[in-house]
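Let me begin by presenting the structure, written as structure tokens, before commenting on it.
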Amino acid sequence: MDGIEDDWLLFWVELGIGLLVAIVIVVTVGVGLRVVGRRSQFAEALRRRIRWPLALTAPLAAVAFAVMYLPDPAWADALGHMFGIVVIATGAWLAAAAFSVVIDFGVSRSRLAESDTREGRRLRTQVQVIRRLVIAVIVIVALGAILMTFETVRALGASLLASAGIFSVVVGLAAQSVLGNVFAGMQLAFSEAIRVGDAVVVDQQWGRVHEITLSYVVVVTWDRRVLVLPCTRFTTLPFENWTKLGNDLSGTVEMILDWRTSVPILREYLDGILAQTDLWDGEVVRVHVTDTSAGHVLVRVLVSAKDAPTLWELRCHVRETLAAWVRDEHPDWVPLQRVGFDPRPSGLDLKETPHDARGSL
């Protein structure tokens, strides 16, 4: 009887010491990060993000260690297994939270991450993919560690290793599309084919890349619709990236006008329009007659702007202003439908027809 009481006493002592050590660790880390956080934004962000994961992981680890000293082996195994699973889960939460703080702090220190430049979009894209990839690895490792705590799973793993060739083929065929999207997502992140914030045209839909994950890409169209496309769509099929080499773009405005249109006068008026608007970036302005036909000429106006939305507004502004100016100031430039009549007589000439022939007619 005294032996059993001694075993229980040892258990409670181990549990008390473990909890005391865990509380000391949690308080020390929290206070230390709070003191350092007064001068360091990273320490303050780390304290806020790992506060709850650490407060759960440390005491649970102490309890999981203490239950090994339970006098009843059955209870020791059951409770040790349960608390071990919980510690693995909270430890994965703690690791993911700490890694997220490191990533967020690194991004915030770089001004490129907040800009709409090519380097800024590249950095945001790679950070998104790396964050998801590392967190996915942490979750997979935690799940694998949890499963390996079960005896049946360990036995199954040994038998699967014996037939690893067949198993790998089956898994490869079953997860072909999933793995294909994962590798495609990584390829998009590091090949810079598209970046977060890029203006793209996919399936005749214009929009901006909002998010790139390991399996899909989110594109928000100009009318705020959301296109969720698999990553393989961007690695196997063609698409347009308007901001691959920079944000500045050129666009056209086409007008059908009459042959009497004076292109030099139109060029002069266009220069005045662009000088009075902030939409034009001051780089490109061209006016050309690109086509002619029997009744009209096709005038193409080429202008440039700093990005795709601004270019769209500039094209609409130029089109509306030129149309009103032609209508009010140069109505003779409005295309007309011309109809011509042949003055020559057709058929039988009555003047040269004999009298009897006219009578018979």
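Predicted model only: the values in this text are computed from it and were never measured.
Taking both residues in full, the closest heavy atoms of R195 and D198 are given as N-OD2, 2.9 Å, listed atom of the first, atom of the second, then distance. Contact detail for T232 and T236: the closest heavy-atom pair is O-OG1, 2.6 Å. Between V36 and A43, the closest heavy-atom pair is CG1-CB, 3.7 Å. Scanning all heavy atoms of the two residues, the minimum distance from L94 to P53 falls at CA-CB, 3.7 Å. Shortest non-hydrogen contact noted between W280 and S304 is CD1-O, 3.1 Å. Contact between R208 and A199 at its shortest, heavy atoms only, is NH1-N, 3.9 Å.
Residues I135 and S100 are in side-chain contact: their nearest non-hydrogen atoms beyond the backbone lie under 4.5 Å apart. Taking the side chain as every heavy atom from C-beta outward, V334 and D258 never approach each other to under 4.5 Å. For the pair V287/Y269, no side-chain contact is recorded, criterion being any heavy-atom separation below 4.5 Å from C-beta on. Taking 4.5 Å as the limit, some side-chain heavy atom of I88 sits within range of a side-chain heavy atom of T149. Taking 4.5 Å as the limit, some side-chain heavy atom of M255 sits within range of a side-chain heavy atom of L322. For the pair L19/P59, a side-chain contact is recorded, criterion being any heavy-atom separation below 4.5 Å from C-beta on. Side-chain atoms of F239 and D203, non-hydrogen and from C-beta on, never get closer than 4.5 Å to each other. For the pair W325/I273, no side-chain contact is recorded, criterion being any heavy-atom separation below 4.5 Å from C-beta on.
Counting heavy atoms of neighbouring residues, nucleotides and ligands inside a 6.0 Å radius, atom NE2 of H210 does not exceed 12 of them. The environment of L302 atom CG is dense: over 12 non-hydrogen atoms of other residues, nucleotides or ligands sit within 6.0 angstrom. Atom CZ of R34 is surrounded by 12 or fewer heavy atoms from other residues, nucleotides or ligands within 6.0 Å.
Here the straight-line distance linking atom CD of E329 with atom CZ of R327 works out to 10.0 Å at 0.5 Å rounding. For the atom pair T90 OG1 and I85 CD1, the distance stands at 12.0 Å (nearest 0.5 Å). To the nearest 0.5 Å, the span separating CG on L188 from CD1 on I194 amounts to 4.5 Å. Rounding to the nearest 0.5 angstrom, the gap separating the CD1 atom in I265 from the CH2 atom in W333 is 5.0 Å. Atom CH2 of residue W93 and atom CG of residue L54 lie 10.5 Å apart, to the nearest 0.5 angstrom. Here the straight-line distance linking atom CG of D278 with atom NE2 of H317 works out to 10.0 Å at 0.5 Å rounding.
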Start with the C-alpha gap between V202 and V217, add the side-chain angles, then the distance that decides, and say whether side-chain contact (heavy atoms from CB on, under 4.5 Å) holds.
CA-CA 11 Å; V202 185; V217 176; over 6 Å; no
Could you walk me through whether L257 and L266 pass the side-chain contact (heavy atoms from CB on, under 4.5 Å) check?
CA-CA 11 Å; L257 301 174; L266 192 149; 3.8 Å; yes
Apply side-chain contact (heavy atoms from CB on, under 4.5 Å) to V318 and L274, showing your working.
CA-CA 8 Å; V318 170; L274 298 178; 4.1 Å; yes
Step by step, work out the side-chain contact (heavy atoms from CB on, under 4.5 Å) result for Q205 and V219.
CA-CA 9 Å; Q205 300 290 328; V219 177; over 6 Å; no
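Linking Ile, Leu, Val, Met, Phe, Trp and Tyr residues whenever their side-chain heavy atoms come within less than 4.5 Å leaves L143 and L133 in two separate clusters. A continuous path of Ile, Leu, Val, Met, Phe, Trp and Tyr side chains, each step under 4.5 Å between heavy atoms, connects V263 with V301, placing both in one hydrophobic cluster. Connection of F234 to V218 is not established within any shared hydrophobic cluster, with ILVMFWY side chains joined at heavy-atom distances below 4.5 Å, either directly or through further cluster members. Under a hydrophobic-cluster definition in which Ile, Leu, Val, Met, Phe, Trp and Tyr are linked whenever side-chain heavy atoms come within less than 4.5 Å, directly or via other members, V139 and I50 are assigned to different clusters. Criterion: ILVMFWY side-chain heavy atoms under 4.5 Å apart, direct or through other members. Under it, L298 and V303 are not part of a common hydrophobic cluster.
Between D104 and R131 there is a salt bridge, since a side-chain N of the basic residue sits under 4.0 Å from a carboxylate O of the acidic one.
Without hydrogens or angle criteria, R49 side chain to V101 main chain gives no donor-acceptor distance under 3.5 Å. Judged by distance alone, with hydrogens and angles left aside, the side-chain atoms of W259 form a donor-acceptor pair with the main-chain N or O of S293 at under 3.5 Å.
Annotation: side chain to side chain donor-acceptor pair (under 3.5 Å) contacts of E240 (sequence neighbours excluded): W242.
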